[in-house]
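Inspection log for the structure reproduced underneath, given as structure tokens.
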2 protein chains.
Amino acid sequence: MAEKLLLIEDDPSILRGLQMNLGLEGFQLIAAHDGEEGIEFARSQKPDLIVLDMMLPKIGGIEVIRTLRQVDHDTPIVVLSAKDQESDKVLALSLGADDYVTKPFSVAELVARIRAALRRRRIHQASAQLTFGRITLDLEGRRLLSDGVELESTAREFDLLHHFFQHPGTVFSREQLMQTVWGADHFGTPRTVDNFIARLRSKIETDPDHPHHIETVRGVGYRFNP
Amino acid sequence: MAEKLLLIEDDPSILRGLQMNLGLEGFQLIAAHDGEEGIEFARSQKPDLIVLDMMLPKIGGIEVIRTLRQVDHDTPIVVLSAKDQESDKVLALSLGADDYVTKPFSVAELVARIRAALRRRRIHQASAQLTFGRITLDLEGRRLLSDGVELESTAREFDLLHHFFQHPGTVFSREQLMQTVWGADHFGTPRTVDNFIARLRSKIETDPDHPHHIETVRGVGYRFNP
DNA sequence: GGGGCGATGACAGCGCGGTGACAATCGGGT
DNA sequence: ACCCGATTGTCACCGCGCTGTCATCGCCCC
């Protein structure tokens, strides 16, 4: 366990957010602040996966991927980039990046992609499913199943429920959920969380008026019960 | 409460500054003047967090981190260093330091990072439960359990009992409880405390008329007995 | 027996969460 | 490029239950 990730990210605030969130996810982290450092650490530290921001001072992200892939074809690379850089995306993937997340991104999505990339690379046979009660999350297909039959769920709904499934029994404030599911750089009212909770309840709860799985903790936030 | 910090700092003037400022923040302080002393005190004194200056005589900061992490992977380490030592920074973090502050630093920033590191560790700790007798507080789920079955409890009730659990056997005046549980900026009558004590007693005491856990100390306040 | 302190039940205010409607945004298809 | 539907996010209003205060009663200690 305890996969070692190399984060190549020059923006200190995003870096801190990543370190905190990915740290909580149980990853061991190494941080590089520009492309040069990134290449150096990729060689010296042998990370299990590299998270690379395309917007870098000095050497650009494309150049970093090219250099890395000259000596190492195996370590998965997950790329972060602004959403309008479509050309970068294609180029990065063709150079050997494994996956691509556009900013602003939710930590849940990033984590999902990191885990997926790690899983793909290893022959790690862990079940790509999380099940509590009659509800199952198919992580690979990003599908929500109840008793094996699919329930329609949107991206946010899935991410939110995924986060709850990863931390059953723990209370989260609306602010915490905003941070981890919507992303550290997202700004919005806490009320939005309520709405998605309501939508999830209407789908997964047997009796949405008396929810069992997603419980309200008054004055604090919400808790997921298995 | 009163977290114990170990300061490893050879410069006497910086050390004095840290002692004064961090002392005022309510931390308990231990000072080591070089790396050897630091390692020794880290082992003997079991501090809650270590503040480490990278510029040290004899053994360097990197070496100190490496040595500390061989036996102890948990105690957070916050590193101080001159701002141009970028490589040290990354190396320190990859060796297991938790956070990094560059000199010249503001005390406010250092304090913020210390508190963040302490909080992160507390969250990360597995056993988020406090148990006395048949009563258990599940801190992650914010649940109050008696013999393992959940008792309904409101936010305030939980916070108040949580405070008692953290200081068993200590008498608190109503004013102190108001300050710590309700918050320093809260204004209200001391009678409110009585009410919440009564509500807690009715829930957790076997015989609420002759309370055992939450004892009245006439003329003073209340005390929690395990 | 008296004074003072704590216990407790009642109650009013309001803060908090639930929810439906709507606006903004995204994305896919033609 | 345009349109249309789905998704996402915000707002406002409603209703409930927590919270805090008061008044009264009881009890302990002097």
Side-chain angles (χ1 to χ4, degrees), chain A residues 82-84 86 89 101-106 108-109 142-144 151-161 171-179 181-183 185-205 207-223, chain B residues 142 144 151-161 171-179 181-183 185-205 207-223:
Chain A
K83 67 159 165 270
D84 42 4
E86 264 310 297
K89 172 171 178 171
V101 181
T102 51
K103 291 189 280 193
F105 56 87
S106 77
E109 189 195 355
R142 282 185 70 90
R143 283 189 298 184
L144 169 62
L151 296 177
E152 296 297 323
S153 79
T154 69
R156 281 270 192 264
E157 289 167 7
F158 187 90
D159 289 341
L160 180 55
L161 192 57
V171 176
F172 294 98
S173 69
R174 292 169 177 74
E175 286 71 19
Q176 286 177 312
L177 293 171
M178 271 275 157
Q179 286 265 323
V181 179
W182 273 257
D185 50 355
H186 180 90
F187 297 95
T189 71
R191 311 266 73 217
T192 297
V193 177
D194 298 38
N195 247 287
F196 278 85
I197 294 288
R199 288 166 190 167
L200 273 180
R201 278 175 175 162
S202 73
K203 292 182 182 180
I204 69 169
E205 296 286 357
D207 178 4
D209 289 338
H210 304 89
H212 163 73
H213 283 306
I214 304 183
E215 202 177 343
T216 303
V217 183
R218 192 163 247 270
V220 188
Y222 296 99
R223 170 176 51 214
Chain B
R142 281 186 71 92
L144 169 61
L151 297 176
E152 296 296 325
S153 77
T154 70
R156 280 267 193 268
E157 289 167 7
F158 186 91
D159 289 340
L160 179 56
L161 192 57
V171 179
F172 295 99
S173 69
R174 291 170 176 74
E175 286 72 20
Q176 285 176 312
L177 292 171
M178 272 276 157
Q179 286 265 325
V181 178
W182 273 255
D185 52 352
H186 181 88
F187 297 95
T189 71
R191 309 271 80 213
T192 298
V193 176
D194 298 38
N195 244 287
F196 278 85
I197 295 288
R199 287 167 191 167
L200 272 182
R201 279 175 174 160
S202 73
K203 291 182 183 180
I204 70 169
E205 296 286 358
D207 178 4
D209 289 338
H210 303 89
H212 163 72
H213 283 307
I214 304 183
E215 198 179 345
T216 303
V217 182
R218 210 182 167 77
V220 187
Y222 297 98
R223 170 175 50 215

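Since the structure is predicted, the reported quantities are computational estimates derived from the model, not experimental observations. Every chain is numbered from 1, with letters handed out A, B, ... down the list of sequences.
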Take B:Arg156 and B:Thr192, measure what side chain to side chain donor-acceptor pair (under 3.5 Å) needs, and give me the verdict at the end. CA-CA 11 Å; B:Arg156 280 267 193 268; B:Thr192 298; over 6 Å; no
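Evaluation of the side-chain contact (heavy atoms from CB on, under 4.5 Å) rule for B:Gln179 yields B:Ala184 as partners, not counting sequence neighbours. Checked against ring-ring contact (aromatic ring centres under 6.0 Å, His included), A:Phe196 has the following partners two or more places apart in sequence or in another chain: A:Trp182. Applying the side-chain contact (heavy atoms from CB on, under 4.5 Å) criterion to B:Asp194, with sequence neighbours excluded, gives B:Arg174, B:Arg191, B:Tyr222. Considering only residues two or more places apart in sequence or on other chains, B:Arg142 meets the salt bridge (Lys or Arg N to Asp or Glu O under 4.0 Å) condition with B:Asp159. Residues passing the salt bridge (Lys or Arg N to Asp or Glu O under 4.0 Å) test with B:Glu215 are B:Arg223, sequence neighbours excluded. Partners of B:Thr189 according to the side-chain hydrogen bond (donor to acceptor under 3.5 Å, both in side chains) rule, which considers only residues two or more places apart in sequence or in another chain, do not exist here. In this structure, B:Ser202 has no side-chain contact (heavy atoms from CB on, under 4.5 Å) partners at least two apart in sequence or on a different chain. B:Asp207 meets the side-chain contact (heavy atoms from CB on, under 4.5 Å) test with B:Asp209, B:His210; sequence neighbours excluded.
Put simply, CZ on A:Arg218 and CD on B:Glu152 are 12.5 Å apart, with the number rounded to the nearest 0.5 Å. Interatomic distance, CG of B:Leu160 versus CZ of B:Arg199, reported as 11.0 Å (0.5 Å rounding).
Per the geometry, CD belonging to A:Glu157 stands 18 Å off P belonging to C:dC26, to the nearest Å. Rounded to whole angstrom, the span from the NE2 atom of A:His186 across to the P atom of C:dC26 amounts to 12 Å.
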Hey, what are the protein-to-nucleotides 9-11 of chain C N/O distances that come in under 3.5 Å?
from	atom 1	to	atom 2	distance (Å)
C:dG9	O6	B:Asn195	ND2	3.0

Polar pairs (N or O, both sides) under 3.5 Å between protein and nucleotides 3-7 of chain C?
from	atom 1	to	atom 2	distance (Å)
C:dG4	N2	B:Arg218	NH2	3.0
C:dG6	OP1	B:Arg174	NH1	3.4
C:dG6	OP1	B:Gly219	N	3.2
C:dG6	O5'	B:Arg174	NH2	3.3
C:dA7	OP1	B:Arg201	NH1	2.7
C:dA7	OP1	B:Thr216	OG1	2.6
C:dA7	OP2	B:Tyr222	OH	2.5

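Judged by distance alone, the side chain of A:Glu205 and the main-chain N or O of A:Ile214 form a donor-acceptor pair under 3.5 Å.
On the nucleic acid side, DNA chain D has its first and last nucleotide under 4.0 Å of a heavy atom of chain B at D:dC18 to D:dC28, going 5' to 3'.
When heavy atoms are screened at a 4.0 angstrom cut-off, B:Thr192 is found touching base atoms of the nucleic acid.
For the helix from C:dG1-D:dC30 to C:dT30-D:dA1, the terminal axes (five pairs an end, C1' atoms, rotation from four pairs onto the next four) enclose an angle of 40°, given to 10 degrees.
B:Val193 is not listed as a side-chain neighbour of B:Val181, based on a closest heavy-atom distance of 4.5 Å or more.
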